[in-house]
Amino acid sequence: MQIGLAERQRTPARRHPDQPARQMRLIVGLEASVDGPPPDTLPFAQLPWHLWTTPWRRLALGLASPEAAAKRLKTRDRPLVGLTDAGSTAVLPSPRPRRGPGVPPYVLAPVAPVIAALDLAPTDGVCGFSLSDATGEALICLQWRGHLVHDGNYEPLLPAVTGADLIIRPDLFRRLCDIVGPARCRVGLNVHHTSAPHDDDLPNED
């Protein structure tokens, strides 16, 4: 089951025939809310990347037990998915962004109370982007890049589509909905489109 998605579609400007540079950002995330997510807001929280690599009991999260985390999910309206600071992005800027070759622009993760309520831990033998429970692999973040395009310069091809999604095992999704309350499980959506005469005029989210 998909509970989070972040995707950027970008095409460079072309001189012949004239075509402006375009960029579209699509953000989808599961939220806990009584009245529905507020309009024009991002369905993401801002999270530390350590949630993928460190057991939640070792982090200073203020969560004493899975039961305490479940109680927090039942009573508070909040996004259930977040964008970690493992990448540098203008969607949720990090005060100290991690930069470098191969760093993905979007690294999604469930918020800490979700990890604690489901009692998930980093998957053995996997370096990040995977959490497991006693049954097996429970939640992963998939990364993708595709549809390379050329802008006519002596530069590497650009990935026109870059994104990530957050996938949870179906039985855990049903359990999460039961914890939050089926009537409080909402889907938040944010779409932003930008067009400019030149590539340099577009905001760079990487």
Side-chain angles (χ1 to χ4, degrees), residues 1-12 21-31 41-56 59 61 78-112 114-115 118 120-132 137-151 153 155-169 172-173 187-194 199-200 202-206:
M1 301 290 294
Q2 184 188 67
I3 59 174
L5 166 71
E7 180 177 292
R8 186 193 68 190
Q9 302 176 17
R10 185 168 183 167
T11 54
R22 293 185 176 91
Q23 179 172 270
M24 187 184 76
R25 185 192 66 209
L26 176 65
I27 303 290
V28 182
L30 185 66
E31 297 185 90
T41 59
L42 292 178
F44 282 169
Q46 187 170 4
L47 305 175
W49 62 272
H50 305 84
L51 291 172
W52 281 116
T53 58
T54 305
W56 66 268
L59 299 173
L61 302 174
R78 63 175 301 163
L80 301 180
V81 176
L83 188 66
T84 77
D85 54 10
S88 172
T89 172
V91 176
L92 288 172
S94 169
R96 300 185 64 184
R98 294 162 56 86
R99 303 179 185 275
V103 176
Y106 304 110
V107 177
L108 308 181
V111 296
V114 170
I115 296 176
L118 300 178
L120 304 180
T123 303
D124 291 337
V126 177
C127 185
F129 302 174
S130 176
L131 298 173
S132 295
E137 199 166 27
L139 196 148
I140 60 173
C141 178
L142 300 177
Q143 301 285 330
W144 70 81
R145 291 187 174 191
H147 187 49
L148 299 179
V149 295
H150 201 286
D151 63 358
N153 296 318
E155 300 289 340
L157 299 181
L158 299 172
V161 178
T162 304
D165 59 355
L166 196 62
I167 306 295
I168 190 171
R169 215 170 57 214
L172 289 182
F173 176 74
V187 176
L189 173 66
N190 182 277
V191 180
H192 181 73
H193 178 267
T194 306
D199 296 340
D200 295 341
L202 287 177
N204 187 2
E205 296 180 358
D206 289 343

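Just so we're clear, the structure is a prediction, and the values are computed from it rather than from any experiment.
- One distance of note links CG of L139 with CG of L118; it measures 8.0 Å at 0.5 Å rounding.
- In plain terms, the two heavy atoms of A138 and L172 that are nearest each other are CB-CD1, 3.2 Å.
- Q23 contributes atom CD, which lies 9.0 Å from atom NE2 of H193 (distance to the nearest 0.5 angstrom).
- The side-chain hydrogen bond (donor to acceptor under 3.5 Å, both in side chains) test applied to W56 returns D119, not counting sequence neighbours.
- Rounding to the nearest 0.5 Å places CD of E7 at 5.5 Å from CH2 of W144.
- The structure places OG1 of T53 at 9.5 Å from CG of L131, a figure rounded to the nearest 0.5 Å.
- E137 is linked by a side-chain contact (heavy atoms from CB on, under 4.5 Å) to T123, S130, S132, I140, counting only residues two or more places apart in sequence or in another chain.
- With V28 as the partner, the side chain to side chain contact (heavy atoms under 4.5 Å, CB included) test is satisfied by one option alone out of V81, V191, L189, N190: L189.
- The nearest pair of heavy atoms linking Y106 to A164 is O-CB, 3.5 Å.
- Smallest separation of non-hydrogen atoms from Q143 and P104: OE1-CB, 3.2 Å.
- Shown here are the side-chain contact (heavy atoms from CB on, under 4.5 Å) partners of L59, two or more places apart in sequence or in another chain: H50, L51, T54, L61.
- Nearest heavy atoms, V111 versus A45: CG1-CB, 4.1 Å.
- I27 contributes atom CD1, which lies 6.5 Å from atom CG of L42 (distance to the nearest 0.5 angstrom).
- Shortest non-hydrogen contact noted between L47 and P110 is CD1-O, 3.5 Å.
- A 4.5 Å side-chain heavy-atom check between V107 and W49 finds every atom pair outside the cut-off.
- Considering all non-hydrogen atoms of both residues, P43 and G188 come closest at CG-O, 3.5 Å.
- Partners of Q2 by side-chain contact (heavy atoms from CB on, under 4.5 Å), not counting sequence neighbours, listed by chain and number: L5, D165, I167.
- Of the inter-residue distances, the one linking M1 atom CE with L30 atom CG reads 9.5 Å to the nearest 0.5 angstrom.
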